[in-house]
Amino acid sequence: RGRLSEYAINRIYPTVQGEGRMAGTAMTIVRLQSCPVACLWCDTPESWALPEPWQAAAVVAAQVAGLPPRWALVTGGEPCWHALGMLTVELQARGMKTALETSGVYRITGSWDWVTISPKPDGRLPLIEHNLYCADEVKWIVGRQRDLERLEAFLLATSALRPPGRRAISIQPVSTQAKATALCLEAVMRHPEWRLSLQTHKLIGIA
């Protein structure tokens, strides 16, 4: 596992969030290195490798705070492989709001203004269901009809862990594929409480 107050950085860059309920929000992405999940549809496999080099939390936070967005989105890789408490302390001390996107396979640490959990049922590690108490949003990747059926079963099984009325459900077609998008469109018609999440950053050609 990661160190207490140092972080393996893959990349830090300002952009506009393209996915989920926070889409359209200016954010600085803090992409951490290392991921053991090996998701079938991962679009950042370059973040899987063993983490090197490491940077102190204060150094990372100073770099993030020097960029225009007032939101910092910590993602990966699998960000919760790292101990995130000191990083969020340093970011919030500089007036940043903090968002996390995680697969939920490690315990969530740190202080967060927004948490997105994107479960990876075909990954190597199981979701820690207790993490769902922290989730403001569950983002589910859809490539085929079976994925929607699994989501319905998942929500039934975990409804007591932060009830759906207090947790946003976003469904996202894998890689904006046409078939997957059609499945998601049909699903939000059947489940109006769900929201369609498109990778709009890819549609408009930004990172």
Side-chain angles (χ1 to χ4, degrees), residues 15-27 29 31 35 37-44 71-80 97-108 112-123 125-204 206-207:
T15 188
V16 172
Q17 171 65 288
E19 303 177 355
R21 290 295 182 92
M22 298 291 283
T25 304
M27 290 185 164
I29 306 297
R31 188 175 301 284
C35 185
V37 180
C39 171
L40 179 65
W41 293 318
C42 180
D43 58 3
T44 55
W71 276 91
L73 171 62
V74 180
T75 183
E78 174 40 63
C80 292
K97 292 193 173 189
T98 54
L100 173 70
E101 180 157 343
T102 173
S103 64
V105 300
Y106 292 112
R107 185 174 67 88
I108 293 174
W112 303 99
D113 296 290
W114 185 266
V115 173
T116 297
I117 293 181
S118 184
K120 303 297 188 292
D122 292 317
L125 298 174
L127 171 73
I128 296 175
E129 290 190 349
H130 186 78
N131 282 335
L132 292 171
Y133 282 116
C134 305
D136 298 288
E137 174 183 31
V138 170
K139 188 176 70 177
W140 197 270
I141 309 302
V142 175
R144 51 192 173 176
Q145 180 63 37
R146 179 168 175 260
D147 297 320
L148 292 168
E149 295 166 358
R150 292 172 84 172
L151 172 58
E152 291 172 339
F154 171 84
L155 293 175
L156 283 173
T158 62
S159 61
L161 301 172
R162 192 156 191 178
R166 297 174 53 210
R167 182 179 62 201
I169 308 299
S170 299
I171 56 173
Q172 182 168 299
V174 61
S175 301
T176 65
Q177 294 174 2
K179 181 179 179 181
T181 301
L183 286 171
C184 289
L185 287 170
E186 293 173 1
V188 296
M189 294 300 179
R190 296 194 307 272
H191 298 276
E193 71 278 15
W194 297 359
R195 296 292 183 270
L196 177 66
S197 169
L198 296 176
Q199 294 178 297
T200 55
H201 56 291
K202 293 184 177 180
L203 296 175
I204 62 178
I206 63 172

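One-based numbering along the sequence shown.
Inspection of the Gln199 and Thr176 side chains reveals no N or O donor paired with an N or O acceptor under 3.5 Å. For the 3.5 Å distance criterion, the side chains of Glu129 and Thr158 fail to qualify, holding no donor opposite an acceptor.
Of all non-hydrogen atoms in Leu196 and Leu185, the two that sit nearest each other are CD2-CD2, 3.7 Å. Taking both residues in full, the closest heavy atoms of Pro173 and Ser197 are given as CD-O, 3.3 Å, listed atom of the first, atom of the second, then distance. Of all heavy-atom pairs spanning Ala160 and Tyr133, the tightest one is O-CE2, 4.2 Å. Contact record, Glu78 with Gly104: OE1-N, 4.2 Å, taken as the closest heavy-atom pair. Here the closest heavy-atom approach between residue Gly76 and residue Pro79 is recorded as N-CD, 3.8 Å.
Between the CE atom in Met22 and the OG atom in Ser170 there is a gap of 11.5 Å [rounded to 0.5 Å]. From Ile169, atom CD1 reaches atom CD of Glu152 across 11.5 Å, with rounding to the nearest 0.5 Å. Once rounded to the nearest 0.5 Å, the distance linking CG of Leu125 with NZ of Lys120 reads 12.0 Å. Separating the CG atom in Asp147 from the CD1 atom in Ile141 is a distance of 9.5 Å, to the nearest 0.5 Å. Between atom OG1 of residue Thr200 and atom NZ of residue Lys202 there is a gap of 11.0 Å, rounded to the nearest 0.5 Å. Atoms SG and CD1, on Cys80 and Ile117 in that order, are 8.0 Å from each other to the nearest 0.5 Å.
Residues Thr25 and Trp114 form no side-chain contact, since every pair of their non-hydrogen atoms from C-beta on lies 4.5 Å or further apart. Contact of the Thr75 side chain with the Ile29 side chain is registered, since non-hydrogen atoms from C-beta on lie closer than 4.5 Å. Using a 4.5 Å heavy-atom threshold, the side chains of Arg190 and Leu148 count as touching. The shortest side-chain heavy-atom distance between Pro121 and Leu127 does not fall under the 4.5 Å cut-off. Looking only at side-chain heavy atoms (C-beta outward), Trp112 and Cys134 stay at 4.5 Å or farther from each other.
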In sequence, state the C-alpha distance, the side-chain angles, and the governing distance for Asp122 and Arg150, and then conclude on side-chain contact (heavy atoms from CB on, under 4.5 Å). CA-CA 11 Å; Asp122 292 317; Arg150 292 172 84 172; 3.2 Å; yes
Any chance you could lay out the side-chain contact (heavy atoms from CB on, under 4.5 Å) test for Val188 and Ile171, step after step, and finish with the verdict? CA-CA 8 Å; Val188 296; Ile171 56 173; 3.7 Å; yes
Can His201 and Glu19 be said to form a side-chain contact (heavy atoms from CB on, under 4.5 Å), step by step? CA-CA 8 Å; His201 56 291; Glu19 303 177 355; 3.3 Å; yes
Before you tell me yes or no, could you show the steps for Gln177 and Leu183 under side-chain contact (heavy atoms from CB on, under 4.5 Å), namely the whole-Å CA-CA distance, both residues' side-chain angles and the distance that decides it to 0.1 Å? CA-CA 10 Å; Gln177 294 174 2; Leu183 286 171; over 6 Å; no
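Under a 3.5 Å cut-off, the side chain of Asn131 and the backbone N or O of Tyr106 do form a donor-acceptor pair. For Glu137 (side chain) and Arg21 (main-chain N/O), a donor-acceptor pair under 3.5 Å exists by modelled atom type. For Asp113 (side chain) and Ala99 (main-chain N/O), no donor-acceptor pair under 3.5 Å exists by modelled atom type. In terms of modelled atom types and a separation under 3.5 Å, the side chain of Trp194 and the main chain of Cys184 share no donor-acceptor contact. Between the Thr116 side chain and the Glu101 main chain, no donor and acceptor come within less than 3.5 Å of each other. A donor-acceptor contact shorter than 3.5 Å is absent between the side chain of Arg162 and the backbone of Ser159. At least one donor-acceptor pair under 3.5 Å links the side chain of Arg167 to the backbone N or O of Leu161.
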